Amino acid sequence: MERLRQRADFLAVANNGARVNTAAFTVQARRRDDQGPPRIGFTVSKKNGTATERNRIRRRLRELVRRIDDVAPDDIAPNKMALRPHNDYVLIGRRPALSRDFKTMLDDLRTSLDRLDRQTAKARP
RNA sequence: UCAGUCGGCCGGACGGCCGCUCCGGCAAGCACCGAAAGGUCGUCGGAGAGGAAAGUCCGGGCUCCAUUGACAUGCGGUGCCGGAUAACAUCCGGCGGGGGCAACCCUAGGGAAAGUGCCACAGAGAACGAACCGCCCGCCCUGCGGCGCAAGCUGCGAGGGCGAGUAAGGGUGAAAAGGUGCGGUAAGAGCGCACCGCGGUUCCGGCAACGGAACCGGCAUGGUAAACCCCACCGGGAGCAAGACCGAAUAGGGACGGUUACGCGGGCAGUUCGCGGAAUGCGACAACGCCCGCGGGAGCGAUGUCAGGCUCGCCGUCCGGGUAGGUUGCAGGAGGUCGCGCGCAAGCGCGAUCCCAGAGGAAUGGCCGUCACGUAUCGUGCCGCGCGACCGGCGCGGUGCCCUACAGAACCCGGCUUACAGGCCGGCUGAUGCU
């Protein structure tokens, strides 16, 4: 996956306004005006714990993003769940991400992405 | 067997599926991102967190800046001795002091006769040596007793007063001016003596810290230096966000060219310079900049003219600095392992062998399975004492829980400190039992 690495990119996504909260993380999204693949960044601030715990949160979030395309339930159209190209996403980790069930978090991410899609569709008619 | 003490080590294992980062080989289109610098994408093989990676408390390497050298002063640090080391506040081996039956542990351990300060409370007294209660002596008064007819004489483990002696005892304190004992004395006192302590000298042992012995001195020097201070030794500053290279967009700077398109005057500034003992004094200077004024010019309002206003250069090419960003520094090192030698040891030397993380919004992971370990509980077998109950120990089986503590490299090393579930190994000491 393409990663966001520069501070300016993170600020751009944060200022876009499209965001969805779940128990374990917050998702922010921003549409770019180019033809590149989706890019994603992770933010886990210091208030979430020690360096070891923050590492673990980021790794589980990263694994979520990697798995999002793999196994889509049959009852939902797969292209609706995936990360969209020419979009930037930022996942902000929270402390429950340390211990929350992995499959539950995967469902969380799917519904969040779905809601983000509808938000951005509403925002730019 | 129990209790203790010291040292060392490990810090889940194996497997499956799907991934991440780096290195090396091969292959490489000119595809993708970017204005550029540069980065991304394939395949095969290999490697990929710790004992503390942590705190950032010391010591170095490395980098840049500063620096003629030496001395002095200031500031900071270190502080028994010897050794190890690149260096250290570290380590090793000793010494002194303190604690423990012992193994062993603790120790910021120079100087208090250079000077200054402080020593609360209690207590009479806390430092140019004190005298409260006492003890003792002398004198006087009172009291009591004896002798005497009386005046008086005389005695007293009695009371009081005055004067002198004393520091043994009591009491206060963290500490009371050497300690204990004997002698001595009116009572006492290093006043004398013995031992201990202290100080000095000499000798012996030791590289040294220091230890031992002999002799001398009657005792002089209270404590506090993590109070100031004194002495000895050490120390430039900042850090990989160091530093090096590449380098936009935008704004701003310079040069040249084009365009008629700027010129002049004054003021301001300041770790500046000169004069001066000095001033807020006098004088000088100024690239760039800021302000004011004068003259000229250009542009702007639908257009022309006049008056007034506003703005002040524009275009092109090149150059330099520098920001975002990129690359590098950045993984072969005071390196690991093994062997031999030297050393009590810390460690050192020689030889062989190995290459062992390198991210950058930060790789080393996610989801599972099996097993081990631990723990709880249930069932069952054996042992204890002949049996039963209870209890304890051991074994087997089932189930549940934890399915693992502290914790994540960030330029690199040597240390220190702090955190840590559970476990393993070894040395030593004490007590007890058996032979």
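On a predicted model such as this, the values are computed, not experimentally measured, just so you know. Residue numbers begin at 1 in each chain, while the letters A, B, ... track the order of the sequences.
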Should [N] form a Watson-Crick or G-U wobble pair with both distances under 3.5 Å, which nucleotide is its partner?
N      : answer
B/G304 : none
B/C156 : B/G143
B/G181 : B/C193
B/C137 : B/G163
B/G351 : B/C338
B/G217 : B/C198
B/C245 : B/G326
B/A89  : none

Syn or anti for [N], taking syn as within 90° of 0?
N      : value
B/G100 : anti
B/G51  : syn
B/A52  : anti
B/C356 : syn
B/G427 : anti

What is the minimum heavy-atom distance between [X] and [Y], and which atoms define it?
X        : Y        : value
A/Leu61  : A/Phe25  : CD2-CD2, 3.9 Å
A/Thr111 : A/Asp108 : OG1-O, 2.9 Å
A/Ile57  : A/Arg94  : CD1-O, 3.7 Å
A/Ala24  : A/Ala97  : O-CB, 3.6 Å

Determine whether A/Tyr89 and A/Leu113 make a side-chain contact, defined as any pair of heavy atoms from C-beta on separated by less than 4.5 Å. yes
Pairwise [atom1] distance, [M] and [N] [rounded to whole Å]:
N      : M      : atom1 : answer
B/G252 : B/G313 : P     : 10 Å
B/A47  : B/C411 : P     : 27 Å
B/C75  : B/U172 : C1'   : 47 Å
B/G184 : B/G192 : P     : 16 Å
B/C26  : B/A357 : C1'   : 25 Å
B/U364 : B/G39  : C1'   : 23 Å
B/C330 : B/G253 : P     : 41 Å
B/U429 : B/C216 : P     : 47 Å

Can you work out whether A/Gly41 or A/Glu53 has the more 5'-proximal nearest nucleotide on RNA chain B? A/Gly41
For A/Arg60 and for A/Val90, locate the closest nucleotide of RNA chain B by heavy-atom distance; then report the residue assigned to the nucleotide nearer the 5' terminus. A/Val90
Atom pair distance, as rounded to whole Å: [atom1] in [X] and [atom2] in [N]:
X       : N      : atom1 : atom2 : result
A/Phe42 : B/C20  : CZ    : P     : 13 Å
A/Asn55 : B/A359 : CG    : P     : 16 Å
A/Arg62 : B/G361 : CZ    : P     : 14 Å
A/Arg54 : B/A359 : CZ    : P     : 20 Å
A/Leu64 : B/G365 : CG    : P     : 17 Å

At 4.0 Å (heavy atoms only), tell me whether [X] reaches a base, stays on the sugar-phosphate, or touches nothing.
X       : value
A/Thr52 : base
A/Arg59 : base
A/Arg56 : sugar-phosphate

Short side-chain N/O contact to B/G365 OP1/OP2 from A/Arg58, under 4.0 Å: no
Kindly say if A/Thr50 contacts the phosphate of B/A54, meaning a side-chain N or O under 4.0 Å from OP1 or OP2. no
Using the rule side chain to side chain contact (heavy atoms under 4.5 Å, CB included), only one of A/Thr43, A/Ile40, A/Val27, A/Thr26 pairs with A/Val90; which is it? A/Thr43
Quick one: pull up CE in A/Met105 and CZ in A/Arg110 and give me the separation to the nearest 0.5 Å. 13.0 Å
